[in-house]
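A short write-up of the structure that comes next.
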Amino acid sequence: MKKLLSLAMALTLVLASFAMFAVSSSAETAELVAKGAEWDVITSEDPDATAPEGWLDGTDTAEWTPMAAPICGEAYSGGHNHGDMTHTIVTSTHKTFMRKTFTVEDASKCTILTLGVIYDEDPVVYVNGTQVWTATGYNDREYVVTALDTALLKDGENTICVEFKNAVGGGGSMLDLYLTAEAYDSAIKEDGAVVIKSITKEGFANFGGVNATTNMLDGVNDSCSGSGWDANVEQSFTVNFLDKVDLAKVVVSCKAEGAPADGGAWGTY
């Protein structure tokens with residue numbers, strides 16, 4: 001039987017001075033890369049073109065052209081699909097490489113990193129030289145949203161790179177993306193809950209996004225979820241907090257797949 005696990009993080013803190021010193025935390029969402037931002041771009045008529053050596057860290061010697069995204073081929077002009085949101089039309093985008101830098105003041109405070117991409121087609125996204133997301137085909141009607149690992153970020157200048165191509169059709173490729181980070185100024189929220197920085201899992205067939213309410217069994221942000229229970233496989237969660245905290249209790253709840261979130265086959269361990 002498949003089961004879903006929810007690690008409930010409405011945790012009681014054991015802090016000797018907690019009653020004496022009220023600790024609160026407010027979240028702030030930072031727009032690291034905005035929709036329609038300006039990028040450095042290289043386009044090629046060769047669908048098999050490769051990026052210049054050193055493009056991921058900016059050590060290349062290639063000539064890059066500043067362009068405002070979305071970067072679109074000719075087929076996206078005149079209102080085709082998202083032509084109405086087009087900022088830059090290029091003659092041919094059989095292969096396109098994009099690069100942009102952004103600044104993070106304190107990467108240790110970032111708890112949720114969100115990437116949104118609208119594309120046509122076959123995009124590959126890199127952050128600070130690491131491939132973080134890719135897709136096959138196209139989705140040019142809406143931004144596809146994905147949670148990324150906040151460990152990708154570093155203090156100071158960061159680099160995001162993208163490549164995409166026109167695999168089918170004539171010059172009809174297109175791409176835009178945004179990147180946001182949620183940051184807390186304290187390890188404890190205003191309601192006393194602990195801020196989770198990141199969660200990893202082992203042994204699960206599927207795993208919900210960190211702090212995504214749609215993936216939570218209880219609909220609360222302070223939880224993580226995974227599915228695909230297998231008695232023959234060692235399964236585990238690793239939870240990383242924003243800062244050191246003393247926890248009085250950690251509750252792991254398990255429910256059968258398909259059971260309602262507000263009841264059903266729950267078990268607490």
Side-chain angles (χ1 to χ4, degrees), residues 4-34 101-116 126-130 132-133 145-160 178-204 207-226 234-254 268-269:
L4 299 178
L5 295 182
S6 176
L7 182 59
M9 287 300 168
L11 300 172
T12 303
L13 301 179
V14 182
L15 299 175
S17 59
F18 187 71
M20 296 176 59
F21 301 96
V23 182
S24 64
S25 176
S26 58
E28 179 180 347
T29 300
E31 189 175 63
L32 303 179
V33 179
T101 59
F102 59 92
T103 300
V104 176
E105 292 185 4
D106 189 349
S108 68
K109 298 298 184 182
C110 295
T111 58
I112 301 175
L113 184 61
T114 302
L115 172 71
Y126 307 83
V127 174
N128 291 328
T130 299
V132 298
W133 185 82
V145 180
T146 306
L148 301 181
D149 187 353
T150 57
L152 293 163
L153 301 177
K154 61 182 180 179
D155 292 349
E157 185 176 277
N158 292 254
T159 302
I160 184 169
Y178 65 86
L179 187 68
T180 61
E182 187 171 299
Y184 282 85
D185 56 17
S186 171
I188 308 168
K189 297 182 180 180
E190 294 178 352
D191 61 0
V194 180
V195 176
I196 299 173
K197 180 173 175 61
S198 62
I199 304 172
T200 57
K201 59 88 183 181
E202 295 292 339
F204 289 92
F207 192 63
V210 176
N211 288 356
T213 56
T214 56
N215 292 325
M216 301 301 107
L217 297 179
D218 53 9
V220 178
N221 283 351
D222 305 309
S223 307
C224 66
S225 66
E234 183 176 344
Q235 297 173 298
S236 64
F237 291 111
T238 300
V239 182
N240 298 309
F241 299 101
L242 188 65
D243 204 346
K244 292 182 179 180
V245 291
D246 293 322
L247 306 178
K249 187 178 184 181
V250 175
V251 177
V252 178
S253 296
C254 176
T268 301
Y269 302 85

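Taking each heavy atom of Thr29 and Glu182 in turn, the nearest pair found is OG1-OE1, 4.0 Å. The two residues Glu31 and Thr180 come nearest to each other via the heavy atoms CA-CG2, 4.3 Å. Between Thr103 and Leu32, the shortest heavy-atom contact is O-CD2, 4.3 Å. Contact detail for Cys110 and Leu153: the closest heavy-atom pair is SG-CD1, 3.9 Å.
Residues forming a side chain to side chain donor-acceptor pair (under 3.5 Å) with Thr101 (at least two apart in sequence, or on another chain): none. For Asp155, there are no side chain to side chain donor-acceptor pair (under 3.5 Å) partners two or more places apart in sequence or in a different chain. Partners of Asp243 according to the side chain to side chain contact (heavy atoms under 4.5 Å, CB included) rule, which considers only residues two or more places apart in sequence or in another chain, are Ala187. For Thr146, the side chain to side chain donor-acceptor pair (under 3.5 Å) test picks out Trp133, with sequence neighbours left out. The side chain to side chain donor-acceptor pair (under 3.5 Å) search around Tyr126 returns Glu163, not counting sequence neighbours.
Checking each of Asn158, Ile160, Val127 against Leu152 for a side-chain contact (heavy atoms from CB on, under 4.5 Å) leaves exactly one that passes, namely Val127.
Judged by distance alone, the side chains of Asp106 and Ser108 do bring a donor and an acceptor atom under 3.5 Å apart.
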